[in-house]
K.L.:
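Have a look at this one before I ask anything.
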Amino acid sequence: MGRIAGLFGRVEPRLRARQLVLGLLADLPRKNCWTIAEHTGGASPDGLQHLLARAKWDADLVRDDLRAFVLEHLADDQAVLVVDETGDLKKGTRTVGVQRQYTGTAGRIENAQVAVYLTYPPGTATQESAARCTCRSPGPPTRSGAAGPACPRTLASPPGRSSPHR
């Protein structure tokens, strides 16, 4: 937190950011402002919600510092960062990020919450798998009616490992 402390103009958002990071790293069955606040000793989720919705801080600078930290400590020129966009179908509208949107889970526009997961798998990777992991899932049709870019059905995997995307 010392690395990003200067990116917060006030002490309160800096302390809330620390609380949020500790909660996200904790082994909690569900991670939301309520469970993180309770886990880190907060009486309510109000401070975390303020940090995420209204507090003044530069998320881009925090992201850049986090990226630099990861590169300094975990850099491996054989590693691949795997990006997985996953849609969870939802019935209600009260969960953050839920709206009618395209999700590959349903293959059409549905009431859903879409999350992007980044995985930094250990071990070595082949150039072929690195290249193929950068393509996107099929998207909704464009205005011209053509489908969005698609990945191959199977991805190459490092020797001895099966692809999680089959």
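Along the sequence shown, the residues carry numbers beginning at 1. Hydrogens, waters and symmetry mates are skipped; everything else that's a heavy atom, side chains included, is used.
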K.L.:
Determine whether the side chains of Thr40 and Gln19 contain a donor N or O and an acceptor N or O closer than 3.5 Å.
P.N.:
yes
K.L.:
For atom CZ of Arg54, decide whether the heavy atoms of other residues, nucleotides or ligands shown that lie under 6.0 angstrom number more than 12.
P.N.:
yes
K.L.:
Would a distance-only check, ignoring hydrogens and angles, find a side-chain to backbone donor-acceptor pair under 3.5 Å from Gln113 to Gln99?
P.N.:
no
K.L.:
Under 4.5 Å between side-chain heavy atoms, counting indirect links through other Ile/Leu/Val/Met/Phe/Trp/Tyr residues: same cluster for Leu24 and Phe8 or not?
P.N.:
yes
K.L.:
Within this structure, what is the CD-CH2 distance for the pair Gln49 and Trp34, rounded to the nearest 0.5 Å?
P.N.:
8.0 Å
K.L.:
Would you find more than 12 non-hydrogen atoms of other residues, nucleotides or ligands less than 6.0 Å from Arg3 atom CZ?
P.N.:
yes
K.L.:
Using atom types as modelled and distance alone, determine if a side-chain donor or acceptor of Thr105 lies under 3.5 Å from a backbone N or O of Gly87.
P.N.:
yes
K.L.:
In the structure I gave you, are the side-chain heavy atoms of Gln101 and Ile109 within less than 4.5 Å of one another anywhere?
P.N.:
no
K.L.:
Quick check: is Leu52 connected to Met1 through a chain of hydrophobic side chains (ILVMFWY, heavy atoms under 4.5 Å apart)?
P.N.:
yes
K.L.:
To the nearest 0.5 Å, how far apart are NE2 in His50 and CG in Leu48?
P.N.:
11.0 Å
K.L.:
Would you give the length of the straight line joining atom CG of Leu22 to atom CG of Leu28, rounded to the nearest 0.5 angstrom?
P.N.:
10.5 Å
K.L.:
Between Asn111 and Leu89 (side chain of the first, backbone of the second, donor and acceptor by atom type, cut-off under 3.5 Å), is there such a pair?
P.N.:
no
K.L.:
CG of Leu20 to CZ of Arg18: how many Å apart, nearest 0.5 Å?
P.N.:
12.0 Å
K.L.:
Under 3.5 Å, side chain of Trp57 to main-chain N/O of Leu51, donor-acceptor pair present?
P.N.:
yes
K.L.:
Looking at every heavy atom in both Ala112 and Thr103, which two are closest together, and how far apart are they?
P.N.:
CB-CG2, 3.9 Å
K.L.:
Just verifying a value: how many Å separate Ile4 CD1 and Asp64 CG, rounded to the nearest 0.5 Å?
P.N.:
12.0 Å
K.L.:
I'd like to know if the side chain of Lys31 and the backbone of Ala26 have a donor-acceptor N/O pair within less than 3.5 Å.
P.N.:
yes
K.L.:
With a 4.5 Å cut-off on side-chain heavy atoms, are Asp84 and Val116 touching?
P.N.:
no
K.L.:
What I'd like to find out is whether the side chain of Asp58 reaches to under 4.5 Å of the side chain of Leu7, using heavy atoms alone.
P.N.:
no
K.L.:
Sort and list the pairs that fulfil ring-ring contact (aromatic ring centres under 6.0 Å, His included) and have at least one residue in residues 66-87, not counting sequence neighbours.
P.N.:
Phe69-His73
K.L.:
Salt bridge (Lys or Arg N to Asp or Glu O under 4.0 Å) for Lys91 and Glu110? Distances and angles first, verdict last.
P.N.:
CA-CA 9 Å; Lys91 293 195 186 280; Glu110 285 287 341; over 6 Å; no
K.L.:
With a 3.5 Å distance limit and no angle check, can you tell me whether Arg108 reaches the backbone of Ala106 through a side-chain donor-acceptor pair?
P.N.:
yes
K.L.:
How long is the span from the CG atom in Leu25 to the NE2 atom in His39, to the nearest 0.5 Å?
P.N.:
9.5 Å
K.L.:
Where the side chain of Lys90 meets the backbone of Val98, is there a donor-acceptor pair that is under 3.5 Å apart?
P.N.:
no
